[in-house]
Amino acid sequence: MAETTEFELVSPAKLVMSEPVEMVVVPGVEGDFGALPRHAPMLSTVRPGVVDIHKGGKVETRLFVAGGFAEVTAERCTVLAEEAFPLDGVTAEQAQARLQSARDDLAEAEGDGAKARAAKAVTVAEALVAAVGA
Amino acid sequence: MPSLKDLRNRISSVKSTKKITSAMKMVAASRLRRAQDAAEASRPFAERMNRMLGTLAGSVVGLPGAPRLLAGTGQNRVHLIVVVTSNRGLCGGLNSSTARNTRMLIRELQEDGKEVKVLCVGRKGRDQLKRDHNALILDTIEDFGRRGVTYEEAEAVSEKVLDMFEAGEFDVCTVVYNRFRSAISQIVTRQQLIPFPVPKTANENELAAEDGNPGAVYEFEPSEEGILDELLPLNVKTQIFRAMTENYASEQGARMTAMDNASRNAGEMIDDLTLEYNRARQAMITKELIEIISGAEAL
(Lines give C-alpha, C1' and ligand atoms only; values in the text may rest on other atoms or scores of the structure.)
Protein backbone atom coordinates (compact mmCIF):
# COMPACT_ATOMS: atom_id res chain seq x y z
CA MET A 1 0.00 0.00 0.00
CA ALA A 2 1.38 3.32 -1.01
CA GLU A 3 1.81 6.16 1.44
CA THR A 4 -1.38 8.12 2.05
CA THR A 5 -2.40 11.62 3.13
CA GLU A 6 -5.51 12.43 5.15
CA PHE A 7 -7.98 14.10 2.81
CA GLU A 8 -10.93 16.07 4.14
CA LEU A 9 -13.57 17.88 2.14
CA VAL A 10 -15.83 20.04 4.27
CA SER A 11 -18.84 22.13 3.31
CA PRO A 12 -20.75 24.32 5.76
CA ALA A 13 -23.55 21.78 5.93
CA LYS A 14 -21.42 18.71 6.53
CA LEU A 15 -18.18 16.81 6.35
CA VAL A 16 -18.45 15.54 2.79
CA MET A 17 -15.48 13.25 2.87
CA SER A 18 -12.73 12.27 5.26
CA GLU A 19 -10.39 9.45 4.38
CA PRO A 20 -6.81 8.60 3.56
CA VAL A 21 -5.95 8.94 -0.12
CA GLU A 22 -2.82 8.60 -2.23
CA MET A 23 -3.20 11.85 -4.09
CA VAL A 24 -5.72 14.61 -4.62
CA VAL A 25 -5.73 17.08 -7.46
CA VAL A 26 -7.17 20.40 -6.33
CA PRO A 27 -8.13 23.23 -8.70
CA GLY A 28 -6.18 26.12 -7.19
CA VAL A 29 -6.61 29.68 -8.48
CA GLU A 30 -3.16 29.61 -9.96
CA GLY A 31 -3.57 26.22 -11.57
CA ASP A 32 -4.41 22.70 -10.48
CA PHE A 33 -2.08 21.15 -8.00
CA GLY A 34 -1.67 17.62 -6.77
CA ALA A 35 -1.29 17.05 -3.06
CA LEU A 36 0.74 13.97 -2.17
CA PRO A 37 1.93 12.82 1.25
CA ARG A 38 4.77 14.97 2.62
CA HIS A 39 3.73 17.97 0.59
CA ALA A 40 5.15 21.28 1.78
CA PRO A 41 2.66 23.26 3.90
CA MET A 42 0.52 25.47 1.74
CA LEU A 43 -2.68 27.51 1.81
CA SER A 44 -4.45 28.19 -1.45
CA THR A 45 -7.67 29.61 -2.78
CA VAL A 46 -9.69 27.11 -4.80
CA ARG A 47 -11.59 28.05 -7.94
CA PRO A 48 -14.84 26.33 -8.91
CA GLY A 49 -13.93 23.00 -10.45
CA VAL A 50 -13.35 19.34 -9.84
CA VAL A 51 -11.32 17.70 -7.10
CA ASP A 52 -9.91 14.36 -8.26
CA ILE A 53 -9.15 11.73 -5.70
CA HIS A 54 -6.53 9.21 -6.73
CA LYS A 55 -6.29 5.79 -5.23
CA GLY A 56 -4.33 2.82 -6.46
CA GLY A 57 -2.84 4.87 -9.26
CA LYS A 58 -6.10 6.00 -10.86
CA VAL A 59 -8.88 8.52 -10.31
CA GLU A 60 -11.33 6.99 -7.88
CA THR A 61 -13.77 9.79 -7.06
CA ARG A 62 -14.50 13.11 -8.69
CA LEU A 63 -16.11 15.83 -6.61
CA PHE A 64 -17.34 19.22 -7.70
CA VAL A 65 -16.48 22.20 -5.47
CA ALA A 66 -17.88 25.69 -5.88
CA GLY A 67 -14.72 27.45 -4.83
CA GLY A 68 -13.19 27.67 -1.38
CA PHE A 69 -9.86 27.07 0.30
CA ALA A 70 -7.34 24.31 0.59
CA GLU A 71 -4.84 23.73 3.33
CA VAL A 72 -2.09 21.25 2.65
CA THR A 73 0.39 19.99 5.21
CA ALA A 74 2.73 17.04 5.26
CA GLU A 75 0.12 14.65 6.56
CA ARG A 76 -3.22 16.09 5.51
CA CYS A 77 -5.08 18.03 2.88
CA THR A 78 -8.20 19.95 3.91
CA VAL A 79 -10.53 21.56 1.40
CA LEU A 80 -13.17 24.00 2.62
CA ALA A 81 -15.82 24.50 -0.01
CA GLU A 82 -19.01 26.53 0.08
CA GLU A 83 -20.67 23.77 -1.85
CA ALA A 84 -19.41 20.29 -2.64
CA PHE A 85 -20.96 17.16 -4.13
CA PRO A 86 -19.95 14.07 -6.11
CA LEU A 87 -19.90 14.71 -9.81
CA ASP A 88 -21.42 11.42 -10.93
CA GLY A 89 -24.82 12.34 -9.46
CA VAL A 90 -25.21 15.32 -11.80
CA THR A 91 -26.54 15.14 -15.35
CA ALA A 92 -25.69 17.54 -18.14
CA GLU A 93 -29.30 18.81 -18.19
CA GLN A 94 -29.20 19.67 -14.49
CA ALA A 95 -25.97 21.57 -14.98
CA GLN A 96 -27.38 23.45 -17.96
CA ALA A 97 -30.54 24.32 -16.04
CA ARG A 98 -28.46 25.70 -13.23
CA LEU A 99 -26.39 27.79 -15.60
CA GLN A 100 -29.55 29.13 -17.20
CA SER A 101 -31.10 30.15 -13.89
CA ALA A 102 -27.83 31.72 -12.75
CA ARG A 103 -27.74 33.79 -15.96
CA ASP A 104 -31.34 34.85 -15.41
CA ASP A 105 -30.48 35.96 -11.90
CA LEU A 106 -27.54 37.96 -13.20
CA ALA A 107 -29.78 39.75 -15.70
CA GLU A 108 -32.18 40.68 -12.92
CA ALA A 109 -29.61 41.57 -10.27
CA GLU A 110 -29.50 45.15 -9.06
CA GLY A 111 -26.80 46.83 -7.03
CA ASP A 112 -23.06 46.13 -7.02
CA GLY A 113 -23.06 43.49 -4.31
CA ALA A 114 -25.94 41.52 -5.83
CA LYS A 115 -24.40 41.72 -9.31
CA ALA A 116 -21.04 40.47 -8.12
CA ARG A 117 -22.70 37.54 -6.36
CA ALA A 118 -24.82 36.67 -9.38
CA ALA A 119 -21.73 36.81 -11.59
CA LYS A 120 -19.98 34.45 -9.20
CA ALA A 121 -22.92 32.04 -9.35
CA VAL A 122 -22.67 32.08 -13.16
CA THR A 123 -18.95 31.26 -12.97
CA VAL A 124 -19.69 28.36 -10.66
CA ALA A 125 -22.42 27.06 -12.97
CA GLU A 126 -20.15 27.39 -16.01
CA ALA A 127 -17.48 25.39 -14.23
CA LEU A 128 -20.08 22.73 -13.42
CA VAL A 129 -21.21 22.51 -17.04
CA ALA A 130 -17.61 22.20 -18.17
CA ALA A 131 -16.95 19.54 -15.54
CA VAL A 132 -20.00 17.48 -16.50
CA GLY A 133 -19.25 17.78 -20.20
CA ALA A 134 -15.63 16.78 -19.76
CA MET B 1 -69.57 26.69 43.39
CA PRO B 2 -69.37 25.97 39.68
CA SER B 3 -72.13 23.84 38.27
CA LEU B 4 -71.51 20.37 36.87
CA LYS B 5 -71.85 21.64 33.34
CA ASP B 6 -69.22 24.34 33.87
CA LEU B 7 -66.81 21.78 35.25
CA ARG B 8 -67.41 19.44 32.34
CA ASN B 9 -66.72 22.23 29.90
CA ARG B 10 -63.50 23.21 31.63
CA ILE B 11 -62.29 19.63 31.71
CA SER B 12 -62.86 19.18 28.03
CA SER B 13 -61.15 22.47 27.17
CA VAL B 14 -58.08 21.61 29.25
CA LYS B 15 -58.02 18.19 27.61
CA SER B 16 -57.91 19.66 24.13
CA THR B 17 -55.17 22.10 25.20
CA LYS B 18 -53.19 19.15 26.47
CA LYS B 19 -53.58 17.40 23.16
CA ILE B 20 -52.19 20.42 21.35
CA THR B 21 -49.23 20.90 23.68
CA SER B 22 -48.26 17.26 23.62
CA ALA B 23 -48.47 17.22 19.82
CA MET B 24 -46.22 20.29 19.69
CA LYS B 25 -43.83 18.55 22.03
CA MET B 26 -43.61 15.56 19.71
CA VAL B 27 -43.01 17.77 16.70
CA ALA B 28 -40.33 19.76 18.51
CA ALA B 29 -38.64 16.56 19.67
CA SER B 30 -38.37 15.17 16.16
CA ARG B 31 -37.17 18.51 14.76
CA LEU B 32 -34.70 18.80 17.57
CA ARG B 33 -33.01 15.60 16.51
CA ARG B 34 -32.59 16.85 12.99
CA ALA B 35 -31.50 20.31 14.12
CA GLN B 36 -28.96 18.83 16.46
CA ASP B 37 -27.52 16.68 13.69
CA ALA B 38 -27.31 19.73 11.45
CA ALA B 39 -25.60 21.78 14.13
CA GLU B 40 -23.08 19.03 14.70
CA ALA B 41 -22.49 18.57 10.98
CA SER B 42 -21.65 22.24 10.59
CA ARG B 43 -19.01 22.16 13.29
CA PRO B 44 -16.10 20.59 11.33
CA PHE B 45 -16.26 23.40 8.77
CA ALA B 46 -16.13 26.10 11.41
CA GLU B 47 -13.27 24.37 13.22
CA ARG B 48 -11.12 24.01 10.14
CA MET B 49 -11.94 27.53 9.12
CA ASN B 50 -10.71 28.76 12.47
CA ARG B 51 -7.52 26.76 12.12
CA MET B 52 -6.79 28.29 8.73
CA LEU B 53 -7.66 31.78 9.89
CA GLY B 54 -5.46 31.36 12.92
CA THR B 55 -2.56 30.42 10.69
CA LEU B 56 -3.11 33.41 8.47
CA ALA B 57 -4.30 36.11 10.80
CA GLY B 58 -1.34 35.89 13.12
CA SER B 59 1.01 36.83 10.33
CA VAL B 60 -1.03 39.59 8.73
CA VAL B 61 -2.60 41.40 11.67
CA GLY B 62 -0.95 44.68 12.51
CA LEU B 63 0.49 45.12 9.04
CA PRO B 64 -0.65 48.23 7.24
CA GLY B 65 -3.14 47.39 4.57
CA ALA B 66 -4.53 44.42 6.44
CA PRO B 67 -8.08 43.68 5.30
CA ARG B 68 -10.68 45.75 7.10
CA LEU B 69 -12.67 42.71 8.14
CA LEU B 70 -9.65 41.67 10.18
CA ALA B 71 -8.17 44.94 11.36
CA GLY B 72 -11.41 46.89 11.68
CA THR B 73 -12.13 50.32 10.27
CA GLY B 74 -9.81 51.97 12.73
CA GLN B 75 -12.81 53.33 14.57
CA ASN B 76 -15.02 51.95 17.25
CA ARG B 77 -18.04 54.18 17.05
CA VAL B 78 -20.96 52.43 15.37
CA HIS B 79 -21.95 48.98 16.58
CA LEU B 80 -24.18 46.60 14.70
CA ILE B 81 -25.92 43.93 16.74
CA VAL B 82 -27.35 40.96 14.89
CA VAL B 83 -30.03 39.43 17.09
CA VAL B 84 -30.88 35.86 16.20
CA THR B 85 -34.24 34.70 17.54
CA SER B 86 -36.99 32.37 16.43
CA ASN B 87 -39.91 33.20 14.19
CA ARG B 88 -42.45 31.46 16.37
CA GLY B 89 -43.31 31.68 20.01
CA LEU B 90 -44.29 29.07 22.57
CA CYS B 91 -40.72 28.14 23.28
CA GLY B 92 -40.36 29.17 26.90
CA GLY B 93 -38.03 31.99 27.85
CA LEU B 94 -35.72 31.52 24.90
CA ASN B 95 -36.42 34.70 22.99
CA SER B 96 -36.98 36.76 26.11
CA SER B 97 -33.53 35.97 27.40
CA THR B 98 -31.97 36.87 24.05
CA ALA B 99 -33.88 40.14 24.08
CA ARG B 100 -32.89 40.86 27.66
CA ASN B 101 -29.25 40.25 26.88
CA THR B 102 -29.48 42.45 23.81
CA ARG B 103 -31.06 45.28 25.78
CA MET B 104 -28.20 45.04 28.28
CA LEU B 105 -25.66 45.14 25.48
CA ILE B 106 -27.37 48.15 23.91
CA ARG B 107 -27.37 49.97 27.24
CA GLU B 108 -23.70 49.20 27.86
CA LEU B 109 -22.73 50.44 24.43
CA GLN B 110 -24.84 53.55 24.64
CA GLU B 111 -23.37 54.41 28.03
CA ASP B 112 -19.97 54.25 26.36
CA GLY B 113 -21.24 56.81 23.87
CA LYS B 114 -21.43 54.41 20.94
CA GLU B 115 -24.03 54.45 18.25
CA VAL B 116 -26.00 51.22 18.07
CA LYS B 117 -27.81 49.64 15.16
CA VAL B 118 -29.79 46.43 15.37
CA LEU B 119 -30.50 43.84 12.70
CA CYS B 120 -33.14 41.35 13.77
CA VAL B 121 -33.06 37.84 12.43
CA GLY B 122 -36.35 36.32 13.48
CA ARG B 123 -39.70 37.92 14.19
CA LYS B 124 -39.83 37.34 17.93
CA GLY B 125 -36.70 39.34 18.64
CA ARG B 126 -38.06 42.32 16.79
CA ASP B 127 -41.39 42.10 18.59
CA GLN B 128 -39.67 42.28 21.94
CA LEU B 129 -37.10 44.90 21.09
CA LYS B 130 -39.28 47.35 19.25
CA ARG B 131 -40.96 48.54 22.42
CA ASP B 132 -37.75 50.12 23.75
CA HIS B 133 -35.48 50.39 20.76
CA ASN B 134 -37.68 50.71 17.71
CA ALA B 135 -35.55 53.54 16.32
CA LEU B 136 -32.42 51.38 16.31
CA ILE B 137 -33.86 48.48 14.35
CA LEU B 138 -32.73 48.69 10.75
CA ASP B 139 -34.42 45.66 9.36
CA THR B 140 -35.89 42.29 10.21
CA ILE B 141 -35.27 39.09 8.36
CA GLU B 142 -38.10 36.64 8.88
CA ASP B 143 -37.88 34.49 5.86
CA PHE B 144 -36.03 31.48 7.19
CA GLY B 145 -36.18 28.35 9.27
CA ARG B 146 -39.42 26.81 8.13
CA ARG B 147 -37.70 23.46 7.85
CA GLY B 148 -34.42 24.05 9.56
CA VAL B 149 -31.86 26.65 8.58
CA THR B 150 -30.18 26.27 5.20
CA TYR B 151 -26.85 27.73 4.22
CA GLU B 152 -28.53 29.89 1.57
CA GLU B 153 -30.67 31.56 4.21
CA ALA B 154 -27.62 32.32 6.32
CA GLU B 155 -25.86 33.59 3.20
CA ALA B 156 -28.63 36.10 2.59
CA VAL B 157 -28.22 37.47 6.11
CA SER B 158 -24.46 37.69 5.93
CA GLU B 159 -24.51 39.34 2.53
CA LYS B 160 -26.66 42.03 4.04
CA VAL B 161 -24.19 42.47 6.86
CA LEU B 162 -21.20 42.51 4.52
CA ASP B 163 -22.83 45.00 2.16
CA MET B 164 -23.47 47.31 5.09
CA PHE B 165 -19.90 46.94 6.25
CA GLU B 166 -18.58 47.74 2.77
CA ALA B 167 -20.79 50.83 2.74
CA GLY B 168 -19.19 51.89 6.03
CA GLU B 169 -22.40 51.80 8.01
CA PHE B 170 -20.83 50.28 11.11
CA ASP B 171 -17.43 49.53 12.65
CA VAL B 172 -18.02 46.55 14.91
CA CYS B 173 -20.49 43.72 14.52
CA THR B 174 -21.65 41.39 17.26
CA VAL B 175 -24.10 38.55 16.94
CA VAL B 176 -26.34 37.51 19.84
CA TYR B 177 -27.84 34.03 19.74
CA ASN B 178 -28.70 31.03 21.88
CA ARG B 179 -26.02 28.43 21.98
CA PHE B 180 -27.44 24.94 22.22
CA ARG B 181 -26.15 22.93 25.14
CA SER B 182 -28.97 20.50 25.76
CA ALA B 183 -32.72 20.34 25.41
CA ILE B 184 -33.11 22.03 28.77
CA SER B 185 -30.18 24.40 28.66
CA GLN B 186 -29.52 27.10 26.11
CA ILE B 187 -26.96 29.79 26.69
CA VAL B 188 -27.27 33.31 25.34
CA THR B 189 -24.00 34.03 23.61
CA ARG B 190 -22.45 37.19 22.22
CA GLN B 191 -19.91 36.75 19.52
CA GLN B 192 -17.92 39.40 17.76
CA LEU B 193 -17.89 38.94 13.99
CA ILE B 194 -16.25 42.04 12.63
CA PRO B 195 -13.40 42.74 13.08
CA PHE B 196 -12.38 39.12 13.40
CA PRO B 197 -11.06 38.51 16.90
CA VAL B 198 -7.66 36.89 16.45
CA PRO B 199 -7.37 34.07 18.96
CA LYS B 200 -4.47 34.75 21.29
CA THR B 201 -3.00 31.28 21.11
CA ALA B 202 -3.11 31.12 17.37
CA ASN B 203 0.35 32.14 16.44
CA GLU B 204 2.07 30.28 13.70
CA ASN B 205 4.66 28.48 15.76
CA GLU B 206 2.15 26.79 18.00
CA LEU B 207 0.00 25.68 15.12
CA ALA B 208 2.96 24.34 13.26
CA ALA B 209 4.15 22.56 16.39
CA GLU B 210 0.78 20.82 16.58
CA ASP B 211 1.52 19.28 13.24
CA GLY B 212 4.68 17.83 14.68
CA ASN B 213 6.64 19.98 12.31
CA PRO B 214 7.97 22.98 14.21
CA GLY B 215 8.89 26.00 12.20
CA ALA B 216 6.94 24.92 9.16
CA VAL B 217 6.16 27.94 7.07
CA TYR B 218 3.14 27.95 4.87
CA GLU B 219 3.28 28.84 1.26
CA PHE B 220 0.44 31.04 0.17
CA GLU B 221 -1.24 30.98 -3.16
CA PRO B 222 -1.95 33.61 -4.47
CA SER B 223 -0.84 35.63 -1.40
CA GLU B 224 -1.71 35.99 2.26
CA GLU B 225 -3.82 39.06 1.57
CA GLY B 226 -5.50 37.45 -1.42
CA ILE B 227 -6.58 34.48 0.62
CA LEU B 228 -7.68 36.59 3.55
CA ASP B 229 -9.81 38.76 1.29
CA GLU B 230 -11.86 35.71 0.44
CA LEU B 231 -11.56 33.78 3.65
CA LEU B 232 -12.82 36.55 5.93
CA PRO B 233 -16.21 37.10 4.24
CA LEU B 234 -16.64 33.33 4.13
CA ASN B 235 -15.89 33.24 7.83
CA VAL B 236 -18.61 35.81 8.53
CA LYS B 237 -21.05 33.64 6.59
CA THR B 238 -19.97 30.53 8.44
CA GLN B 239 -20.32 32.16 11.83
CA ILE B 240 -23.77 33.53 11.03
CA PHE B 241 -24.79 30.13 9.67
CA ARG B 242 -23.55 28.56 12.85
CA ALA B 243 -25.40 31.07 15.03
CA MET B 244 -28.59 30.39 13.13
CA THR B 245 -28.34 26.61 13.25
CA GLU B 246 -27.47 26.67 16.95
CA ASN B 247 -30.35 28.99 17.64
CA TYR B 248 -32.72 26.79 15.67
CA ALA B 249 -31.67 23.76 17.68
CA SER B 250 -32.08 25.79 20.87
CA GLU B 251 -35.55 26.85 19.79
CA GLN B 252 -36.66 23.28 19.26
CA GLY B 253 -35.12 22.18 22.54
CA ALA B 254 -36.72 25.02 24.47
CA ARG B 255 -40.07 24.38 22.85
CA MET B 256 -39.90 20.70 23.67
CA THR B 257 -39.22 21.46 27.33
CA ALA B 258 -41.85 24.18 27.52
CA MET B 259 -44.49 22.01 25.91
CA ASP B 260 -43.58 19.07 28.11
CA ASN B 261 -44.18 21.25 31.16
CA ALA B 262 -47.40 22.56 29.73
CA SER B 263 -48.67 19.04 29.05
CA ARG B 264 -47.79 17.99 32.56
CA ASN B 265 -49.53 21.01 34.09
CA ALA B 266 -52.58 20.33 31.97
CA GLY B 267 -52.58 16.74 33.21
CA GLU B 268 -52.49 17.89 36.83
CA MET B 269 -55.24 20.36 36.18
CA ILE B 270 -57.40 17.67 34.59
CA ASP B 271 -56.91 15.47 37.67
CA ASP B 272 -57.90 18.30 40.03
CA LEU B 273 -60.92 19.23 37.97
CA THR B 274 -62.07 15.63 37.65
CA LEU B 275 -61.85 15.19 41.40
CA GLU B 276 -63.87 18.33 41.96
CA TYR B 277 -66.39 17.21 39.34
CA ASN B 278 -66.87 13.81 40.95
CA ARG B 279 -67.31 15.36 44.37
CA ALA B 280 -69.90 17.75 43.09
CA ARG B 281 -71.71 14.93 41.32
CA GLN B 282 -71.69 12.78 44.45
CA ALA B 283 -72.89 15.68 46.57
CA MET B 284 -75.75 16.19 44.19
CA ILE B 285 -76.79 12.55 44.26
CA THR B 286 -76.66 12.56 48.07
CA LYS B 287 -78.74 15.72 48.16
CA GLU B 288 -81.39 14.21 45.90
CA LEU B 289 -81.48 11.03 47.97
CA ILE B 290 -81.97 13.02 51.16
CA GLU B 291 -84.77 14.93 49.53
CA ILE B 292 -86.54 11.74 48.44
CA ILE B 293 -86.08 10.02 51.79
CA SER B 294 -87.22 12.96 53.83
CA GLY B 295 -90.17 13.39 51.48
CA ALA B 296 -91.11 9.73 51.99
CA GLU B 297 -90.73 10.01 55.77
CA ALA B 298 -92.95 13.07 55.94
CA LEU B 299 -95.89 11.11 54.59
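Residue numbers start from 1 in every chain, and the chains themselves are labelled A, B, ... in the order their sequence lines are given, proteins ahead of strands. Since the model is a prediction, treat every value here as computed from it, not as a measurement. These values consider heavy atoms only, across backbone and side chains, with no hydrogens, waters or symmetry-generated copies.
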Search all heavy atoms of B/I227 against all heavy atoms of A/F69 and return the closest pair with its distance.
->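 Result for this residue pair: O-CE2, 3.7 Å.
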Smallest separation among heavy atoms of B/M52 and A/A70, with atom names =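 The answer is CE-C, 4.0 Å.
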Atom NZ of A/K120: over 12 foreign heavy atoms under 6.0 Å =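 Counting other residues, nucleotides and ligands, NZ of A/K120 stays at 12 neighbours or fewer.
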Assess whether atom CZ of B/R190 is packed by more than 12 heavy atoms of other residues, nucleotides or ligands within 6.0 Å.
->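 It does: B/R190 CZ has more than 12 such atoms within range.
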In terms of heavy-atom proximity below 4.5 Å to chain A, should B/T238 be classed as side chain, backbone, both, or neither?
->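 Neither part.
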Does any heavy atom of chain A fall under 4.5 Å from the side chain of B/E166, the backbone, both, or neither of them?
->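 Contact with chain A: none, neither part.
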Would you mind reporting whether [Y] and [X] have side-chain heavy atoms less than 4.5 Å apart?
X      : Y      : answer
A/L43  : B/E219 : no
B/K237 : A/E82  : yes
A/E71  : B/R51  : yes

Considering only heavy atoms and a distance below 4.5 Å, find which of A/T78, A/V29, A/L15, A/L80 pairs most often with chain B.
->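 Answer, by heavy-atom pair count under 4.5 Å with chain B: A/L80.
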Pairs of heavy atoms under 4.5 Å with chain A: top-ranked of B/L231, B/L234, B/T245 =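 Of the candidates given, the most pairs with chain A belong to B/L231.
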B/D163 bridged to A/R117 by N-O distance under 4.0 Å =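 Answer for the salt bridge query: yes.
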Engaged part of A/S11 at the chain B interface, taking heavy atoms whose separation is under 4.5 Å |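 For A/S11, backbone heavy atoms alone lie under 4.5 Å from chain B.
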